[in-house]
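Heads up: numbering here begins at 1 and tracks the sequence. All values below come from the heavy atoms of this structure, side chains included, with hydrogens, waters and symmetry mates left out.
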Amino acid sequence: MALPMCGRLLYLNCRKIHRLSPIYRTICSQGSSDKYDYDLLVIGGGSGGLACAKEAAQYDKKVMVLDYVDPTPKGTKWGLGGTCVNVGCIPKKLMHQAALLGEAIDDSRKYGWQVQDDVTHSWDTLVAGVQNHVKSLNWGHRIQLKDKNVQYMNAKGSFVDNHTVKAVTAKGKEELVTAENIVLATGMRPRYPKIPGALEYGITSDDIFSLKKPPGRTLVIGGSYVALECAGFLNGLGFPTSVMVRSICLRGFDQQMASLVTDQMQSKGVEFLWHIVPHQLERTQDGHLTMTWMDGNGVSGHLHYDTVMFAIGRDPETSSLNLDLAGVELTASGKIASKNGEQSSVPHIYALGDILQGGIELTPVAIKAGKLLAQRLFGNQTLTMDYEKVATTVFTPLEYSCVGLSEEAAIERHGEENIEVYHAFYKPVEFSVAERTAEFCYIKAICTGEGDQRILGLHITGPHAGEMMQGFAAAVKCGLTYHQLASTVGIHPTSAEEVAKLHITKRSGLDPTVTGC
């Protein structure tokens with residue numbers, strides 16, 4: 001809306017006219033909104049950024065999303081939707097399912113199905129199916145933005161000043177965009193080790209889900225959940241797989257549970273190479289890869305593979321944003337320093353998802369935080385994101401799901417003498433006829449030691465652990481106590497009922513193995 005001259009003059013001095021009549025205050029406010037191209041500009045079209053943009057559009061705000069993917073060293077690139085949709089949660093879960101189906105084929109023989117012995121798997125068919133689904137999600141996101149009148153531009157954004165962003169397309173076309181509020185949601189990308197050959201010959205999780213040919217004998221380097229998940233489904237699909245680990249696996253998770261995960265993977269044929277690090281990666285004349293490794297004592301050796309995948313961590317995508325021109329402060333790790341929830345050091349610039357200091361690197365967290373931020377900015381809401389007691393699942397062959405504190409964290413926070421741990425080894429009924437071992441199926445509830453024994457953390461390894469955990473996570477979020485859990489009647493016969501049946505404590509020293517039905 002064009003303002004009359006008096007309105008423009010009032011706008012320029014709006015801080016000085018707060019004592020004037022309401023009509024002039026309204027003119028000033030309208031001028032402030034019209035000063036920028038958009039009410040909200042989101043840089044990054046991943047889960048958090050898209051959720052925030054679409055929620056803001058519900059309030060009839062002018063919203064724009066900039067999204068751009070730099071190709072990997074192997075040339076891999078993808079569409080709108082971020083890591084989760086393209087090279088994370090979604091393709092990972094589908095390949096996890098593919099591996100589980102292979103295991104189910106083996107089980108089916110014990111259940112009477114006459115399955116031929118030479119069942120084979122087609123990597124090309126799997127990749128095509130996964131990528132078709134991913135592309136449908138890319139298209140779906142674009143349609144949703146269009147339906148909600150959110151402007152989308154496939155361009156890389158960087159700051160010119162704290163309200164102005166330069167958008168650059170793949171063809172080099174530049175456009176300046178201004179916004180009253182700016183949200184940064186650029187996510188993270190896999191890190192490569194600084195060793196010879198890593199960039200030239202290695203891949204990461206950004207590449208594995210769209211490989212043009214089967215990976216063959218594979219080395220996965222790293223002890224992260226990404227490393228274990230990928231190693232798990234590759235082994236399950238029939239590719240000999242090794243995991244090279246510098247120190248421990250699943251750092252930050254409960255280490256008893258982490259050991260169960262890796263022990264189960266080893267029992268299924270995954271080779272773990274402990275306490276060594278990569279030193280050099282080379283390609284041989286026959287096209288195979290040679291990895292030179294070294295241990296802490298300077299001893300080295302060579303290993304030979306068809307594919308080497310690095311999963312040693314992820315770095316925030318913030319270096320190209322020119323944040324210094326906007327006055328946005330970074331932490332030493334490159335994440336956006338948080339001043340108040342998702343707010344950065346600049347009051348109208350916010351960060352969501354993996355790049356936020358103190359956040360949790362999980363898709364549902366970014367989505368929830370993005371929606372809540374838009375509601376606070378434009379809907380007069382006050383609810384903020386609660387980063388405590390967020391459940392997650394590691395989709396290894398035997399899933400590991402948890403919510404709340406690890407046993408180590410509970411001991412550190414409350415003292416070992418002030419907690420009680422209820423636990424059980426259980427056998428899923430479907431394992432019985434198939435004669436599958438259940439030695440790694442385990443549940444533990446970490447509770448306060450006094451009173452009703454509030455549950456501080458709940459941990460499960462077992463088939464479909466993530467599906468089991470979701471309902472319990474809501475209860476833990478609401479302050480579930482052990483006595484409430486123990487008074488719950490289980491659903492029989494399910495694995496989930498074993499959570500409600502927990503009654504043996506670690507302190508008692510009794511055998512926690514469940515017997516009977």
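Glu416 CD: 12 or fewer foreign heavy atoms inside a 6.0 Å radius. Enclosure of atom CG in Leu510 by more than 12 non-hydrogen atoms of other residues, nucleotides or ligands within 6.0 angstrom is indicated. No more than 12 heavy atoms of other residues, nucleotides or ligands lie within 6.0 Å of CH2 in Trp139, so this atom counts as exposed by the packing criterion.
Atom CD of Gln131 is separated from atom OG of Ser136 by 10.5 Å, given to the nearest 0.5 angstrom. Once rounded to the nearest 0.5 Å, the distance linking CG of Leu485 with CZ of Phe472 reads 6.5 Å. The OG1 atom of Thr241 lies 10.0 Å from the CD atom of Glu271; values are rounded to the nearest 0.5 Å. Interatomic distance, CG of Leu126 versus CD of Gln97, reported as 11.0 Å (0.5 Å rounding).
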Could you give me the CA-CA distance, side-chain angles and deciding distance for Val127 and Leu211, then say whether side-chain contact (heavy atoms from CB on, under 4.5 Å) is met? CA-CA 7 Å; Val127 168; Leu211 280 184; 5.6 Å; no

Chi angles and distances behind the salt bridge (charged side-chain N to carboxylate O under 4.0 Å, His left out) call for Glu342, Arg376: CA-CA 11 Å; Glu342 291 76 39; Arg376 294 196 304 276; 2.8 Å; yes

Derivation and outcome, side-chain contact (heavy atoms from CB on, under 4.5 Å), residues Cys447 and Ile419: CA-CA 6 Å; Cys447 312; Ile419 67 169; over 6 Å; no

Between Asp124 and Ser122, is a side-chain hydrogen bond (donor to acceptor under 3.5 Å, both in side chains) present by the stated rule, with each step listed? CA-CA 5 Å; Asp124 292 344; Ser122 168; 5.3 Å; no

Run Leu145 and Lys54 through side-chain contact (heavy atoms from CB on, under 4.5 Å) and show every step you take. CA-CA 7 Å; Leu145 292 181; Lys54 289 184 282 189; 3.9 Å; yes

Between Val134 and Leu137, does the side-chain contact (heavy atoms from CB on, under 4.5 Å) criterion hold? Intermediate values first, please. CA-CA 5 Å; Val134 167; Leu137 297 177; 5.5 Å; no

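Between Ser495 and Met468, the closest side-chain pair of non-hydrogen atoms falls below 4.5 Å. In this structure, the side chains of Phe310 and Pro193 come closer than 4.5 Å at one or more pairs of heavy atoms. In this structure the side chain of Leu184 never reaches within 4.5 angstrom of the side chain of Leu352, judged on heavy atoms. The closest side-chain heavy-atom distance from Tyr305 to Arg217 is below 4.5 Å.
Pairs of residues two or more places apart, or lying in two chains, that qualify as salt bridge (charged side-chain N to carboxylate O under 4.0 Å, His left out) and include a residue from residues 483-505 are Glu498-Lys501. Residue pairs meeting the salt bridge (charged side-chain N to carboxylate O under 4.0 Å, His left out) criterion with at least one partner in residues 90-103, sequence neighbours excluded, are Lys92-Glu229, Glu103-Lys268, Glu103-Arg436. The side-chain hydrogen bond (donor to acceptor under 3.5 Å, both in side chains) pairs that include a residue from residues 475-490 are Asp386-Lys477, Thr481-Gln484, where partners are two or more places apart or lie in different chains. Within the structure, the salt bridge (charged side-chain N to carboxylate O under 4.0 Å, His left out) test picks out no pair touching residues 391-405 (sequence neighbours left out). Pairs engaging residues 451-472 under the salt bridge (charged side-chain N to carboxylate O under 4.0 Å, His left out) rule: none recorded [sequence neighbours left out].
A search for salt bridge (Lys or Arg N to Asp or Glu O under 4.0 Å) contacts involving Glu388 returns nothing, not counting sequence neighbours. Residues satisfying the side-chain hydrogen bond (donor to acceptor under 3.5 Å, both in side chains) criterion with Thr120, sequence neighbours excluded, are absent altogether. Take Tyr225 and apply the side-chain hydrogen bond (donor to acceptor under 3.5 Å, both in side chains) test, not counting sequence neighbours, and it matches no residue. Every residue two or more places apart in sequence or in another chain was checked for a side-chain hydrogen bond (donor to acceptor under 3.5 Å, both in side chains) with Lys389, and none qualifies. Arg189 is linked by a side-chain hydrogen bond (donor to acceptor under 3.5 Å, both in side chains) to Asp206, counting only residues two or more places apart in sequence or in another chain.
Judged by distance alone, with hydrogens and angles left aside, the side-chain atoms of Thr461 form a donor-acceptor pair with the main-chain N or O of Phe440 at under 3.5 Å. With Arg246 contributing its side chain and Pro278 its backbone, the two residues share no donor-acceptor pair below 3.5 Å. Judged by distance alone, with hydrogens and angles left aside, the side-chain atoms of Asn138 form a donor-acceptor pair with the main-chain N or O of Leu80 at under 3.5 Å. Side chain of Ser401 to main chain of Thr392: a donor-acceptor pair is present (N/O by atom type, distance under 3.5 Å, no hydrogens or angles). No donor-acceptor distance shorter than 3.5 angstrom exists from the side chain of Ser267 to the backbone of Met265, with no hydrogens or angles considered. Under a 3.5 Å cut-off, the side chain of Asp254 and the backbone N or O of Ser406 do not form any donor-acceptor pair. Formation of a donor-acceptor pair under 3.5 Å by the His459 side chain with backbone atoms of Leu405 is found in this model. For Asp315 (side chain) and Arg191 (main-chain N/O), no donor-acceptor pair under 3.5 Å exists by modelled atom type.
With respect to the salt-bridge test (charged N to carboxylate O, under 4.0 angstrom), the residues Lys74 and Asp207 do not qualify.
Between Tyr111 and Trp113, the distance from one ring center to the other does not fall under 6.0 angstrom.
Nearest approach of Gln453 to Tyr422, heavy atoms of both residues: OE1-OH, 2.8 Å. Nearest heavy-atom pair across Ile90 and Val85 is CB-O, 3.8 Å. In terms of heavy atoms, Gly79 sits closest to Asn86 at O-ND2, 3.1 Å. The nearest pair of heavy atoms linking Glu407 to Ile446 is N-CD1, 3.4 Å. Looking at every heavy atom in both residues, Gly466 comes nearest to Thr393 through CA-OG1, 3.2 Å. Closest non-hydrogen pair, Leu100 versus Pro397, comes out as CD2-O, 3.7 Å.
Paired with Trp123 under the rule ring-ring contact (aromatic ring centres under 6.0 Å, His included), one option of Phe233, Phe209, Phe239 passes, and it is Phe239. Test Gln381, Gln58, Glu55 against Gln375 for side chain to side chain donor-acceptor pair (under 3.5 Å) and you get one pass: Glu55.
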With a cut-off of 3.5 Å and sequence neighbours excluded, list every side-chain donor-acceptor pair involving residues 354-371.
unit_1 : atom_1 : unit_2 : atom_2 : d
Gln357 : OE1    : Ser338 : N      : 2.8
Glu361 : OE2    : Lys335 : NZ     : 2.7

Donor-acceptor pairs are to be reported for all side-chain atoms of residues 257-264 against protein atoms at under 3.5 Å, with residues two or more places apart or in another chain.
unit_1 : atom_1 : unit_2 : atom_2 : d
Ser259 : OG     : Gln255 : O      : 3.1
Thr262 : OG1    : Ala258 : O      : 3.3
Thr262 : OG1    : Ser259 : O      : 3.2

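For the 3.5 Å distance criterion, the side chains of Thr186 and Glu317 fail to qualify, holding no donor opposite an acceptor.
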